[in-house]
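Notes follow the structure.
Below, read A as the first sequence line, B as the second, and so on, with proteins coming before strands; counting in each chain starts at 1.
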Amino acid sequence: MHDNNLPLSNFIRDIILKDHVSGKYGGRVRTRFPPEPNGYLHVGHAKSIVLNFGLAKEFRGECNLRFDDTNPIKEETEYVQSIIEDIKWLGGDFGDRIFYASDYFSQLYLWAIELINKDKAYVCDLSSDQVRETRGTPTQPGHDSPFRDRSVEENLGLFERMKNGEFPDGARTLRAKIDMRSPNLNLRDPVIYRILHAEHHRTGNQWCIYPMYDWAHGESDSIEGITHSICTLEFEDHRPLYDWFLEQLGIFHPQQIEFDRLNLTYTVLSKRKLLRLVEQGIVEGWDDPRMPTISGMRRRGYSPEGLRNFARSLGVSKTNGITEFEKLEYYIREDLNKAAKRVMAVLRPLKLVLTNYPEGQVEFVEAINNPEDASAGTRPLPFSRELWIEQEDFLDVPPKGYHRLYPGNEVRLRYGYIIKCQNVVKDPATGEILEIQCTYDPDTRSGQRTRKVKATIHWVSAVHAIPVEVRLYDKLFTTENPNNVPGDGDFTMYLNPKSLEVVQARAEASLASARPCDRYQFERLGYFCADRCSAAGRLVFNRTVELRDTWAKLQKKI
RNA sequence: UGGGAGGUCGUCUAAUGGUAAGACUGCAGACUCUGGAUCUGCGUAUCGGGGUUCGAGUCCCUGCCUCCCAGCCA
C-alpha cells in the first residue's frame, strides 16, 4: 500500500523546488486557485485545488483563492458561495485570503492608462466583426486597425469617456498595441477592455468597462505576489501575452506554468455542458449525485479524502489524456472501506420464512460494525422467523457457479444461521416468486465453530426492518468519451436513460438515526450516503459506488 | 499548409545518458461468515526511420500522429 501523503514528484513541483532552493522569489512559494464564479466546481478543479494548495503547503507557502470575476454577464454570487464551500470541504486552506479580480479594477484601470501613456495601448472603434475580419487567420497575418495610431492624448480622452459610460456596449475597445502580424493570434493587438453596461455581482454599476482575462489575470497574480501561476494547457499560447503585460508595466513577474486538465471517461467536464444539463433539467441541479461537480460528488457520498487521494494519484504532466473512471471509483472505495460503518439493507425484498423457527420468537445476533476497524465495535441485530432477503440472492434454476440460495441449497445468513431452501411459493397465475421457505440449523449460530457453506447472504428481520428509499445511480453517459460526437450530433445523445433508479428498500432499524451525509456500507451491495433531504420520517439514501462484484463480472462474460 | 504543446503497458504517471518502474484496469490463484477487503502471481509499452555514444525513452536529424489557438469568454 502506498503512502498517499507522500509528495508526488511532477514537473511543476520540480520547478518550484528548484526556485525554492535557488532563492528565486526569495525562496517564497505562493500559488493561487482562480475560479471564475460562473458555475460549480467539478472534479477537474479538484485536481487543480489539490495541486495548488498541496504545493503551497509542502513549501510552507500560501495558496490564495481568487475569483476571476471580470465578466459580469456570467457571474453570480451563488457560484461564489458554492465555490468557497467546495474548496473548504475538499480541505483547501486559503485562510482569510479570498480575493477577487474585481478588487483590482481601479489598479487595472490605472495601469491601462500607463500603457496608453507608453503608446502601448489604443482605443479602437472597430466593431467585434471588424476586429475579427482584420485579425487575419492562423496562416494569414492580420492588418492594423485604422485607429491604431491615435495620439496618446486622444486615447486618454476616449478611454476616460469609455469609463464614464459615454458609449454603448461594443462601441469601442481598448487594445494592446503589439503586432498584428504575430504568428501568435493572442498578440495581434488583443482587446484589454470592453464596454459592458452590466451589473457586476460585487462592484454593482460602478464600472461599465471590464478588463479581459489576459489583462486581469497576470496583473492580479502580480498584485498578490504569486510566484507560480499554474493553469491549464490551453493557456500556453497566452503566456507570451501574460509576460508582455508584466514587462511593459515593470511590475512583479510571476511564472505561468501550464499542465494538463483532467478528463474522465463517461463524463463531461466543461462548465458549458454541465450548465446545459442543469438548465435543461436533465439532472436535478448542480449537486445532482450524477454530476461530476464537487457538490454532486459530496451529495453522492464521495469523501474528501477519497477525492484527494484520487487527485494526487493523477500525476501532473502536459499530455492530453483521459483518465479511466474506474480509477476514481477505486480511490473512493478505498477510503470508504476504511471508514464506512457496515449495515444490512435489502434493496429488492423477497420474503423468506424459517419454517422451523418458533413464531413470535426474537433473538439478537451480534454484528460487526466495521471489520476494518475493531474500535467501531458491534451492534445487536434482531433475528426472527420472517426475513427479507435480496431477490437476486435466490434463483429457482441456478447457473453454474451460483452459490446463493436455490432449492435444496444451504447458505449462511450473515451473523445468523445456516439455512436450507426447502420450498418456493409462487403465484400460480404468474409464476412470480412470492416466498421462500427454509429451515434453519440451530447448531450453526454465528460465532460458533460450525461447518462452512459457500455463500453468505444479507437479510433484515421483517417485523423490525424500516422502509427506506434508495436511489441507485449509474453513469450519466453510456460512452467513454461523450465529448466525441459524430457529425452534428450532441453529447446529450449519449445520456444514460438508466442513470437513476429509485427503489423502496428495507433496512435494519439502526439506520433510523442516519443523519444527512452519513456514509454506510450496505453489506454486499455498496456504499450509500444519506441524502441531504433525508429525515427521520423519510429516509433517503444515495448509492455512492457499488462494491466490486466478481460474480457480476463473471456473469457479464457469459 | 501559421504558431504553440505533446506522443512510454489497455489507461494515467515515473525513469532528468546507465537494469524501462508504479498505480488503475484485466486475468489466474489463496483466504474469507460481505462473491467485499486482504494477499500472491501474470507486463514483448518507449510513434516510425536514420544518426551521435561503450551505452539513447532521454541528445541530434527526419518523417508521422494527436491536442490547443482566429470571443469585445475564462
Side-chain angles (χ1 to χ4, degrees), chain A residues 1-2 8-11 14 34-36 38 68-71 73-74 124 126-128 131-133 135-142 169-175 182-188 190-196 210 212-214 216-217 231-240 258 260 262 265 271-272 310 313-324 326-331 333-334 337-338 342 344 368 371-372 401-404 411-416 418 444 446-447 450 452-458 521-526 546-554:
Chain A
M1 183 60 39
H2 61 280
L8 297 176
S9 179
N10 61 64
F11 82 97
D14 291 345
E36 183 191 9
N38 68 342
D68 230 327
D69 56 350
T70 56
N71 185 355
I73 293 167
K74 292 186 180 174
C124 179
L126 257 27
S127 69
S128 60
V131 168
R132 191 183 318 123
E133 284 159 17
R135 183 158 29 223
T137 70
T139 51
Q140 294 169 309
D169 288 2
R172 288 177 224 261
T173 56
L174 183 72
R175 299 174 68 181
S182 171
N184 181 342
L185 287 291
N186 294 117
L187 262 23
R188 318 242 262 229
V191 170
I192 60 184
Y193 268 102
R194 75 286 214 183
I195 300 172
L196 239 37
Y210 290 92
M212 299 292 289
Y213 165 84
D214 288 299
H217 200 88
C231 61
T232 43
L233 251 27
E234 68 270 26
F235 292 102
E236 265 170 334
D237 283 346
H238 294 245
R239 184 164 13 103
E258 310 85 13
D260 61 324
L262 171 68
T265 55
K271 282 198 208 168
R272 204 195 98 250
F310 168 68
S313 80
L314 255 16
V316 181
S317 75
K318 292 174 87 92
T319 320
N320 242 315
I322 183 161
T323 296
E324 289 173 334
E326 289 76 7
K327 185 166 190 159
L328 172 59
E329 293 194 321
Y330 170 84
Y331 283 96
R333 286 197 192 101
E334 186 201 36
N337 175 50
K338 287 184 288 189
R342 310 288 120 136
M344 290 210 276
I368 294 166
E372 305 292 323
Y402 185 84
H403 303 315
R404 281 111 98 157
V411 298
R412 172 170 289 282
L413 292 173
R414 178 79 158 151
Y415 300 124
I418 291 176
T444 58
S446 184
T450 63
K452 290 183 189 301
V453 287
K454 284 206 166 158
T456 298
I457 66 172
H458 61 279
Q521 183 195 104
F522 290 1
E523 291 217 28
R524 301 212 306 130
L525 297 172
E546 289 178 277
L547 251 30
R548 186 176 272 113
D549 188 344
T550 50
W551 171 246
K553 210 176 286 170
L554 265 169

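The OG1 atom of T323(A) sits 4.5 Å away from the CG atom of L314(A) when rounded to the nearest 0.5 Å. In this structure, NE2 in H403(A) is found 11.5 Å from OG1 in T456(A), a value given to the nearest 0.5 Å. Remark: R239(A) CZ to N186(A) CG distance equals 12.0 Å, nearest 0.5 Å. Here the straight-line distance linking atom CD1 of I73(A) with atom CG of N38(A) works out to 12.0 Å at 0.5 Å rounding. In this structure, L185(A) CG and T137(A) OG1 are separated by 8.0 Å, a value rounded to the nearest 0.5 Å.
Taking only side-chain atoms of T456(A), from C-beta outward, the nucleotide of U25(B), U34(B), G2(B) with the closest atom is U34(B). Closest to the K74(A) side chain, of the nucleotides A74(B), C73(B), G6(B), is C73(B). When the nucleotides G35(B), G2(B), G10(B) are ranked by their closest atom to the side chain of W551(A), G35(B) comes out on top. When the nucleotides U34(B), A37(B), G35(B) are ranked by their closest atom to the side chain of Y402(A), G35(B) comes out on top. In this structure, the nucleotide among A74(B), A5(B), G3(B) sitting nearest to the side chain of K318(A) is A5(B). Distance from the side chain of S317(A) is smallest for U13(B) among the nucleotides C12(B), U13(B), G36(B). In this structure, the nucleotide among U34(B), C72(B), G3(B) sitting nearest to the side chain of R414(A) is U34(B). Side-chain proximity of P371(A) to C72(B), G36(B), G2(B): nearest is G36(B).
Of the P atoms belonging to G4(B) and U38(B), the separation is 48 Å, rounded to the nearest Å. Atom name C1', nucleotides U58(B) and C24(B): the rounded distance is 26 Å, in whole Å. Atom P of A5(B) sits at a distance of 43 Å from the matching atom of G41(B), rounded to the whole Å. Look at the C1' atom in both G57(B) and U8(B): the space between them is 7 Å, to the nearest Å. The separation of G35(B) from G22(B), taken at their C1' atoms, amounts to 28 Å, rounded to a whole angstrom. Spacing between C64(B) and G49(B) at atom C1', rounded to whole Å, works out to 10 Å. Taking atom C1' on both nucleotides, G36(B) is separated from A20(B) by 35 Å, rounded to a whole Å. Across A14(B) and A21(B), the matching C1' atoms stand 7 Å from one another, rounded to whole Å.
I368(A) places none of its side-chain heavy atoms less than 4.5 Å from the side chain of R342(A). The side-chain heavy atoms of L196(A) and N71(A), taken from C-beta on, include a pair separated by under 4.5 Å.
Phosphate proximity of U38(B) to R548(A): absent, as no side-chain N or O sits under 4.0 Å from OP1 or OP2. The phosphate of A74(B) (OP1 or OP2) has a side-chain N or O of T70(A) nearer than 4.0 angstrom. Residue R135(A) has a polar side-chain atom (N or O) positioned under 4.0 Å from OP1 or OP2 of G71(B). At least one side-chain nitrogen or oxygen of T550(A) sits closer than 4.0 Å to the OP1 or OP2 atom of G36(B). When the side-chain nitrogen and oxygen atoms of R239(A) are compared with OP1 and OP2 of A5(B), none of them lie within a distance under 4.0 Å. Residue R333(A) has no polar side-chain atom (N or O) positioned under 4.0 Å from OP1 or OP2 of A37(B). Within the structure, every side-chain polar atom (N or O) of T319(A) is placed at least 4.0 Å from both OP1 and OP2 of G6(B). Within the 4.0 Å cut-off from OP1 or OP2 of U32(B), not a single side-chain nitrogen or oxygen of K454(A) is found.
Ring-base stacking between Y213(A) and A74(B) is not satisfied when judged by a centre separation under 5.5 Å and a plane angle under 30°. Both geometric conditions, a ring-centre gap below 5.5 Å and a plane tilt below 30°, are not fulfilled together for H217(A) over the base of A74(B).
Residues that satisfy the salt bridge (Lys or Arg N to Asp or Glu O under 4.0 Å) test with R132(A), not counting sequence neighbours, are D129(A).
In the model, R194(A) has no side-chain atom that pairs as donor or acceptor with a side-chain atom of S128(A) under 3.5 Å.
Residues E523(A) and H458(A) come closest through the heavy atom pair O-ND1, 3.7 Å. The two residues S317(A) and D260(A) come nearest to each other via the heavy atoms O-OD1, 2.6 Å. The shortest non-hydrogen separation linking D549(A) to A552(A) is OD1-N, 3.0 Å.
Judged by closest nucleotide on RNA chain B, Q140(A) is the one of E372(A) and Q140(A) placed further toward the 5' end. The 5' end of RNA chain B is approached more closely, in terms of each residue's nearest nucleotide, by N186(A) than by the other of N186(A) and S128(A).
Residue side chain E326(A) does not reach the base of U11(B) through any donor-acceptor N/O pair under 3.5 Å, judged by distance alone. Side-chain atoms of N184(A) and base atoms of G4(B) include no donor and acceptor less than 3.5 Å apart. One can find a donor-acceptor pair under 3.5 Å joining the base of G35(B) and the side-chain atoms of R404(A).
Heavy atoms of Y210(A) sit nowhere under 4.0 angstrom from any nucleic acid atom. Counting any heavy atom pair closer than 4.0 Å across all strands shown, E523(A) reaches a base atom. Residue H458(A) is classed as having no contact, given no heavy-atom separation below 4.0 Å to the nucleic acid. Across all strands shown, L233(A) has no heavy atoms under 4.0 Å from either base or sugar-phosphate atoms. Contact annotation for I192(A): no contact, since no heavy-atom pair falls under 4.0 Å across all strands. Within the 4.0 angstrom heavy-atom criterion, base atoms lie near F235(A). T173(A) comes within contact range of at least one nucleobase, with a heavy-atom separation under 4.0 Å. Nucleic acid contact class of G526(A) (heavy atoms, under 4.0 Å, all strands): none. Within 4.0 Å (heavy atoms only), D549(A) reaches sugar-phosphate atoms of the nucleic acid but no base atom. Across all strands shown, G401(A) has heavy atoms under 4.0 Å from base atoms, whether or not it also approaches the sugar-phosphate. When heavy atoms are screened at a 4.0 angstrom cut-off, P35(A) is found touching no nucleic acid atom at all.
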Heteroatom pairs (N/O) under 3.5 angstrom, protein to nucleotides 16-22 of chain B:
unit_1	atom_1	unit_2	atom_2	d
U16(B)	O4	D14(A)	OD2	2.7

Under-3.5 Å N/O pairs linking protein and nucleotides 64-67 of chain B:
unit_1	atom_1	unit_2	atom_2	d
C67(B)	O2'	N320(A)	ND2	2.9

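For K271(A) and E36(A), the salt-bridge test fails: no basic side-chain N is under 4.0 Å from an acidic carboxylate O.
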Checklist entry - Going through the checks in order, is the side chain to side chain contact (heavy atoms under 4.5 Å, CB included) test met by F310(A) and L262(A)? => result CA-CA 11 Å; F310(A) 168 68; L262(A) 171 68; 4.2 Å; yes
